[in-house]
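A short worksheet on the structure shown next.
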Amino acid sequence: MLELIHFNILSVLLFSVGLYGVLARKSAILIIMAIELMLNAVNINFIAAAAFKHGGGLFTNFDGHILTIFIITIAAAEVGLALALILRIFRNKSTVNVDQFDMMKL
Amino acid sequence: MNMHLVIFSVISAVLISCALGVVISRNIVHSALFLLFALISVAGIYLVLLTEFLAIVQLLIYGGAIVIVILFALMLTRNEEYPRIQNNKLWPIAGILSVLVLITLSVSYFQSDVIRNASTTISPAGVKSLGSSLFTTWAIPFELASLVLLVALIGAIVIARSDKGGN
Amino acid sequence: MAVDCEAMNDFYNIMAFAIIALPLITSLGFMVVPNLASRTCWLISSIVSLVTFGISVLLFVSYDTMIGGTQFGFTVPWLSQGINITFGLGLTGISASMVLLNGIVLLGACLISTDIETRGRDFYVLLLALGGGVFGVFLSSDLFFFFLFYELAVLPMYLLIAVWGSSTNFGSFNRSKEYGAMKLMMVLVAASVLIWIGIIAIYVETYMNGTPTFVFDELRILSESGLFSSGFQNWVFLCFMIGFGVLSGLWPFHTWSPDGHVAAPTGVSMLHAGVLMKLGAFGIIQIGIVILPLGAQTWMPLLMVLGIVNVIYGAVSAMSQTDLKYIIGYSSVSHMGYVLIGAATLNSIGLSGAVLQMFSHGIMTALMFVLVGAIYHRAHTRDIYVLNGLIKTMPHICVLFIIAGFASLGLPGLSGFIAEFLIFLGVIKISLWIAALAVLGAALTAVYILRLIARTIVGPVDPKLENLPDANKYEKIVSVAFASILIAVGVWPALLLDSINVGISSIMSVL
Amino acid sequence: MIEGSNNLLLLTPEFVLAGLALLVFTADLIIPEGKKEWVGRIAVVGLIGLLFVTASTVMGITQPVYNNFLLVDHYSFVFKMIFITVGIITILMSEEFVKTNLTSQGEYYGLVLLAILGMNILVQSQEFLTAYISLELLSFCLYVLVGYSKFNPKSNEAAIKYIIFGTFSSAILLYGLSMVYSVVGSTLYSDIAQVLSTSGFMDPVAMLGITFIMIGIAFKLGIVPFHSWIPDVYEGAPIPVTAYLAIGAKIAAFAFLARVVIGVMLPAEELWSSWKIIFAILAISTMVIGNGIAIVQTKVKRMLAYSSIGHSGVLLSGIVVFGSTNGIVLESLGYYLVGYAVTSFAVFSAITAVTYNNNIELIKDFAGLSDEKPLLSASIAIGLFSLAGLPLFVGFTIKFYLFSSISIGGYLWLAGIAVLASLVSLYYYLIMIKSMYVDVPEQERAHADITVRWPMWIVIILSILMTIALGIYPDPLVNQLNEISDLLK
């Protein structure tokens, strides 16, 4: 039987992979991709909770789904903005590696 | 074996391996493609959860827009570094930290009575009720989200537009 | 008659407020008005300080020693919500003489600062802020404003020293003015952290009791009713003792003081050694002992021992110095030791000796700094091995220097004698040994003062120093006035002791 | 579920603000190049009008709006007024900078306005999704503003760092929210608080979820150990934007944190009693590390960035006593924030004026400023003395007030550490002051080409006056703020 916890564990796995990506990678674009993975983990959690617990307790509507729609929207906007910035950096500096942004040390 | 569980397991396996591909691959273009597959698998998960509308949204926005934008950015910033993207020097610590988060969170889910006692039936979400809820109960966040998009639009134009000046 | 009496009180209240507000408002005014010449600022500041001096005399004279207690007091709510702070002023027997002291020294400091040319305006902005802050400390009748003015008095010191001060360069011994200023500021503010913690701890205690207050008189009543347990009093008094002690040069936290004195310009040195160091002793006596009598009794032996170390250590250090200003700086440390010992006796004779010593040392050390400043201004050196036979070239300065020196070593007929004598009397009641050591300290003072006089003032004239001019008219006025105050108090101590004794007797009632 | 139209009237300030932002964007299309400062002036006039609109529509009203998603109350009213004022000052002090340094000048002002809208909704939200989206609205505006001098690689870099950290912290916050949601089934603060306060309820998922939410907010606020982005972003951003980040965004994030703590954690007493300790530890480490690292900085902006981290620590220590004292602490925090804002404006506006047409960034480059520009250096010096907590200035009173209320709550030791931390801050502020007043400049007349125009004079003189006035006579302000402490009673 499929249970809520299966989805939770899937989401945890995805979240951890994304977290690893954010912390371990250097390229700004890759970090943004990893953050997208984390946000997807969030969405899975939300939808699973809404789907399994719908109708019980305080769950009287589609909050989880709605939250997901909003998160997807914001994520899309965020990626657009971030990539515009990356483009700008590339034009100014010809690199997209976060650790080569080293002008601002002590 | 429950049919649902099998489908779920297969999609999850694809999802996690693609996700790992995103963060491990040395070639950034491969990473982007892995991301595309991962996001499509997430849409599959939504289907398992009987949420067709969100699955479509996921495909359209994530698969159709976000990944395309990322690939677009990769093309525009074509860079000889891309096929040999390096990891941070601290990547082992990042790995340990992620595994710790993974273990802590999994244990907490298994320990939680509320999660384990959840119902086992999946209730479908109708598009109609979703829509009416979005435009009544959640109208204020909806309006705000439109402003967020406006800001992102203006911001992207301001930042990326190449006009006079520069060094 | 009653109406008249009230009207009179209103007048004094306004005067008490004006003596604080006038320097501060003038200071702000200088900041706002553009393009003021140094000379104009000097003139305005001198007039303002003359007015504050007048008010301080008025307040001192009008303080009714027959009634005693807190006079000319008024309170207005300042923060009506929340932690509920009131702004209040009041004059006690002790603060009356301290206000007078500050009035005198501030006037002197303004008058002799004629040589400030660079950024004169900023100098007077800070000097008047300092003076106003000190008046505030002596006059405020609640802990919050006491502390506010206390910090305000410390704040301008950094810039006053760092911008207008002078560095010491003796070849082997270098101290830059920035170093002196930074050390002074950090040490004093660090000490005020302790005071702050003490004040807040007292407030929390009253808050828990349901009667939150910062007002001295209310705290005193609460203290008498036994609100503060002896354990509480012990640790809070220790905070106060060290915090205030640092400002009055308590050993081993005194090192900021000589460095600061030396680096500061003359007018600032006068205020600093003459008044600012007294704030610390004033805090111990007026707040520490009154609000926390049990704590005071616990820690007084320690304070007395530290005070005697101050006396001896300061004197020995002064003996080994060759820089005139360092000698006076260390002698201040030594003399403040007497004040601390006097406070530590906790008997009325010792305490009034301590307060009188504060006044007398304030005038005396200010006078010495005027004279040393004048010498340095002309000879461009303060090295006692270089300066010789000054009495031939600068008779006026030297004669007054000798008077100040004699006051410092406690010659009868000058104010220092009365003060130290009272302190010795107070100490003898506690311990003969400490008294003996204190007298030894006085003997050591005589050694370095006489050595100083013998080296620099008398003796053959150095040809290089032959053509130096004597004091200018402002230096003459100020130094003669200060010296006559020293003599006047020495001859007629009751002038001050009347009001001091009134203040002390109200302190004695809590012990 | 929508209640009567009366409810919508309570959102008038927000609608007006959104309309004003759109008006400003439109005006930008009409006003020709070279006169773009009029876009900013329209925004300022509009914001001043908005102050009156806000005061006349929502003052003194306490009423939930829109299914309890938003709460119009005195707390949000006070913060709205603060944000609008911060916006006005920021625009005024930006004018000359924007004109000389940036392209796309018109949009700049619109983004500042939309950021205020984000802050306004953030402080009145009672529901996590609304809060999240308004936080994103605020953050998006700031991402763009930080990267606004787009031909300056430092600014680009700061913006990309900020957006990565911002998105990452949002992801963490959202994951925490999703965990809480899986347990509670609602995103309303009140629902979550109701479930958490059930006696003996210690669900591990909910607890971890709250932790993740707090980590997310801690990132936004720059609490140690999540502070590493602050110095880089503050340094790279155009300086008026740095001021906006350090003042507006920080106050908004803090107001949000306080709202979440009051709404979600305080009702759950068991939960709060353990979180208190965590907050105290975080507060101490933030104060110590922020002020400690600031000592060794050689660049002005980085020094101010670390000092602002230190101030976050002080604010956090105020949160520790929530619940253990009556509302005084909230009032003193409000006073602290207002005082911090005017003081920081005194510093930032003068530094903006000094730096906008030359690339001064080191502390030693300020040598000799006091000779050439006495009022600018006086403004910086007064601001820094006030930030260090010295009297006559508002910095002394706010610190005394806040630390007293922390001590009343039983945390005298925490207040003691906070006082020591401000002692450390005095040291590095004095280094800056020494540079301006004592040090000899390397070249003669290094600051000769600084010209300051009237909008900047208004800001500088107003902030100096307020720094002194609020320190000497705080009663009216504190009376206003007193009502917000009802939230904690």
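Order of the sequence lines fixes the chain letters, A, B, ..., with proteins taken first and strands second; residue numbering starts at 1 for each chain. Please read these numbers as outputs of a predicted model, since none were measured by experiment.
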Answer whether the closest heavy-atom distance between the side chains of [X] and [Y] falls below 4.5 Å.
X: Leu67(A); Y: Phe128(D); result: no
X: Thr167(D); Y: Ile32(A); result: no
X: Asn156(D); Y: Phe90(A); result: no

For side-chain contact (heavy atoms from CB on, under 4.5 Å), just list the numbers for Ile172(D) and Met38(A), CA-CA rounded to whole Å, side-chain angles, deciding distance to a tenth of an Å, and then say yes or no.
-> CA-CA 8 Å; Ile172(D) 293 176; Met38(A) 292 170 77; 4.2 Å; yes
Tell me, out of Leu39(A), Asn8(A), Val22(A), who's got the most heavy-atom pairs with chain D below 4.5 Å.
-> Val22(A)
Between Ser11(A), Ala75(A), Ala48(A), which has the largest tally of heavy atom pairs under 4.5 Å with chain D?
-> Ser11(A)
Minimal non-hydrogen separation, [X] against [Y], with atom names:
X: Ala171(D); Y: Phe15(A); result: O-CE1, 4.3 Å
X: Ile163(D); Y: Glu78(A); result: CD1-O, 4.1 Å
X: Ile35(A); Y: Phe168(D); result: CD1-N, 3.8 Å
X: Ala82(A); Y: Ile160(D); result: O-CD1, 3.8 Å
X: Ile74(A); Y: Phe140(D); result: O-CZ, 3.9 Å

Below 4.5 Å from any heavy atom of chain A, which atoms of Leu188(D) appear? Answer side chain, backbone, both or neither.
-> neither
Heavy-atom distance under 4.5 Å to chain A: side chain of Phe212(D), backbone, both or neither?
-> side chain
Given a strict heavy-atom distance threshold of 4.5 Å, which part of Ala84(A) is in contact with chain D: side chain, backbone, both, or neither?
-> neither
Measuring heavy-atom distances to chain D, does Val79(A) have an atom under 4.5 Å in its side chain, in its backbone, in both, or in neither?
-> neither
Checking side-chain contact (heavy atoms from CB on, under 4.5 Å) for the pair Ser182(D)/Phe52(A): CA distance, chi angles, key distance, verdict?
-> CA-CA 9 Å; Ser182(D) 338; Phe52(A) 277 97; over 6 Å; no
Measure the [atom1]-[atom2] distance between [X] and [Y] for me, rounded to the nearest 0.5 Å.
X: Lys161(D); Y: Ile31(A); atom1: NZ; atom2: CD1; answer: 10.5 Å
X: Leu19(A); Y: Tyr175(D); atom1: CG; atom2: OH; answer: 11.0 Å
X: Ile71(A); Y: Leu177(D); atom1: CD1; atom2: CG; answer: 7.0 Å

Taking Tyr181(D) for its side chain and Gly64(A) for its backbone only, find out whether a donor-acceptor pair lies under 3.5 Å.
-> yes
Before giving the answer on side-chain contact (heavy atoms from CB on, under 4.5 Å), spell out for Thr130(D) and Phe70(A) the whole-Å C-alpha distance, their side-chain angles and the decisive distance to 0.1 Å.
-> CA-CA 10 Å; Thr130(D) 317; Phe70(A) 280 115; over 6 Å; no
